[in-house]
Chemist: 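Here you go, one structure.
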Amino acid sequence: MNVLAIETSCDDTAASVVRAPRQVLSEVVYSQSVHQRFGGVVPEWASRAHSEQIVPTVRAALHEAGVSRPDLVAVTSGPGLVGAVLVGLSYAKGAAIGWDVPLVAVHHLEGHLLSALLDDPAPSFPFLSLVVSGGHTTLYAARAVGQYEVHSTTVDDAVGEAFDKVARLLGLGYPGGPGVERLAREGRDTIPFPMPRPTGRPHDMSFSGLKSAVRQHIERYPGARPADVAASFQATVARYLALRVREAADRTGLDCIAIGGGAAANTTIREAIVGTGLRAFLPPRGRCTDNAAMIANVAIRRLEAGFGVSSFGVTAHTVPEVKG
Ligand code: KG4
Ligand code: ZN
């Protein structure tokens, strides 16, 4: 079975063909550059760029895979920017109707949560999965397909969001994560930033205090080397995440950790996760940032697990449930 997957929830227009169970035949990602001059994603521009790019992106994915008619269309139906999601979702519905094949609507976070399952070796259930994206930061215990317990979640900023905000403080462009990582390579982890625990919720995470500490440091020490600020911030985030992962492993007895989401592409974070001593499953970097192969993966895993296909009445608001 060949699955064509489409992902347009934010600022990447992505399409991929995956042959079940886990052979990725093609992966195409068009990253919209129009947002750079605004320092963040502008929803209206994202929708317009998706509309322009969706046809060439899907065509390229099918062509690269050597597939003219897939057996199923998988698509992100949320969460995300509604206008952006609707471009991919409407296109996917039209394509599935035209080919007369079923449609599977996928929750974007489940895509990140299970993305390590496309790799070889892949973790087997149950395992811990850390999703660190631009809008979400949550550590799950994945018990089975569709059964995800939240063990720790951010009470304020997501990790990717914190990287983006610190990038802005350092005068770097959007998206901030890759810029902070690049700058950090020239710096040293010398500034002891705090690792604040949310009051009353000791298992959870908080990143807005860390971002404020970075801002205060820059204001108080205008001569501070930006590269050292970047390196210290990044190392603090990595230590913080590794600590939460270790705690969750102790609480649950699970000894495998998978990661996903844009910030999981960060080398220091990846090294810290490996440093927990758990069995770490790190998808390739391009499979951590938004991509469509992870959406095909969820559709295949859900069908294997006995979940049905989706109704064509699915909208950008009827996000399939990811249980917390
Ligand atoms: O998963 P993703 O591509 O989109 C969302 O679902 O949000 O994540 C995007 C986020 C952005 O905040 C971006 O700055 C961050 O992931 N990111 C990184 C890196 N690459 C992307 N953060 C840290 N280091 C990176 N190398
Ligand atoms: Zn994402």
Side-chain angles (χ1 to χ4, degrees), residues 5-14 16 27 29-33 35-36 38-41 43 46 50 75-82 84-85 88 106-116 129-138 154 156-170 172-185 187 207-208 210-211 214 230-241 258-273 282-295 297-298 319 322:
I6 294 171
E7 152 65 46
T8 62
S9 64
C10 191
D11 58 345
D12 294 306
T13 315
S16 167
E27 282 188 276
V29 181
Y30 169 79
S31 294
Q32 304 175 356
S33 53
H35 308 288
Q36 277 164 9
F38 301 108
V41 178
H50 285 307
V75 62
T76 303
S77 60
L81 305 170
V82 172
V85 171
V106 172
H107 192 295
H108 181 81
L109 288 181
E110 195 174 13
H112 286 309
L113 206 160
L114 297 184
S115 59
S129 183
L130 175 67
V131 176
V132 274
S133 70
H136 296 86
T137 293
T138 304
T154 180
D156 41 56
D157 292 352
V159 168
E161 189 181 357
F163 268 90
D164 293 335
K165 288 179 176 169
V166 166
R168 215 168 297 151
L169 291 171
L170 293 171
L172 306 170
Y174 179 86
V180 170
E181 179 167 16
R182 247 189 322 272
L183 182 61
R185 273 188 219 121
F207 295 96
S208 78
L210 177 56
K211 168 207 63 193
V214 170
S232 305
F233 161 75
Q234 181 177 265
T236 306
V237 171
R239 273 195 296 273
Y240 194 98
L241 292 172
I259 58 172
N266 183 284
T267 300
T268 304
I269 292 177
R270 294 166 81 88
E271 286 171 356
I273 297 300
L282 315 175
R285 288 176 174 73
R287 219 45 87 51
C288 292
T289 46
D290 285 349
N291 68 92
M294 71 178 189
I295 302 303
N297 176 50
V298 171
V319 174
V322 166

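As the structure is a prediction and not an experimental result, all values here were calculated from the model. When a ligand or atom number is given, it counts from 1 through the structure's own listing order. Numbers here are sequence positions counted from 1.
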Chemist: With heavy atoms of Glu181 as the reference, note each atom of ligand 1 found under 4.0 Å away.
Modeler: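 Those atoms are 24 (N), 25 (C), 26 (N).
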Chemist: Check each atom of ligand 1 against the heavy atoms of His108 and keep those under 4.0 Å away; list them by number with element.
Modeler: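 With His108 as reference, the close atoms of ligand 1 come out as 6 (O).
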Chemist: Below 4.0 angstrom from a heavy atom of His112, which ligand 1 atoms are there? Numbered from 1 as shown, please.
Modeler: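 It comes down to these atoms of ligand 1: 1 (O), 6 (O).
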Chemist: Using the test side chain to side chain donor-acceptor pair (under 3.5 Å), find all partners of Glu27 that sit at least two apart in sequence or belong to another chain.
Modeler: Arg287
Chemist: Any N or O of Gly262 that comes nearer than 3.5 Å to an N or O of ligand 1?
Modeler: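 There is such a contact, yes.
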Chemist: Just let me know how His136 lines up against ligand 1, side chain, backbone, both or neither, with a heavy-atom cut-off below 4.0 Å.
Modeler: neither
Chemist: What atoms of ligand 1 come within less than 4.0 Å of a heavy atom belonging to Gly135?
Modeler: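 In order of numbering, the contacting atoms are 7 (O).
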Chemist: Based purely on interatomic distance, does Pro175 place a nitrogen or oxygen under 3.5 Å from a nitrogen or oxygen of ligand 1?
Modeler: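 No, Pro175 has no N/O under 3.5 Å of an N/O on ligand 1.
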Chemist: As an exercise, identify every atom of ligand 1 less than 4.0 angstrom from a heavy atom of Gly176.
Modeler: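 Listed by number with element: 14 (O).
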Chemist: Under a 4.0 angstrom heavy-atom cut-off, which atoms of ligand 1 come close to Thr289?
Modeler: 3 (O)
Chemist: Which residues and atoms, counting only protein N, O or S, are under 2.8 Å from the Zn ion (ligand 2)?
Modeler: His108 NE2, His112 NE2, Asp290 OD1
Chemist: Which of the atoms of ligand 1 are close to Gly261, meaning less than 4.0 Å from one of its heavy atoms?
Modeler: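 Answer for ligand 1: 1 (O).
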Chemist: Could you tell me whether some N/O pair between Gly134 and ligand 1 is separated by less than 3.5 angstrom?
Modeler: yes
Chemist: State which residues pass side chain to side chain donor-acceptor pair (under 3.5 Å) with Asp290; sequence neighbours excluded, sorted by chain then number.
Modeler: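 With sequence neighbours excluded, Asp290 shows a side chain to side chain donor-acceptor pair (under 3.5 Å) to His108, His112, given in chain and number order.
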Chemist: For the 3.5 Å polar cut-off, considering only N or O atoms, please tell me whether Gly177 and ligand 1 meet it.
Modeler: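 So ligand 1 has an N or O lying under 3.5 Å from an N or O of Gly177.
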Chemist: Taking distance alone, with N or O pairs closer than 3.5 Å, would you say Asp12 contacts ligand 1?
Modeler: no
Chemist: Quick one: side chain to side chain donor-acceptor pair (under 3.5 Å) partners of Thr76, sequence neighbours excluded?
Modeler: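 Expected list: Glu7.
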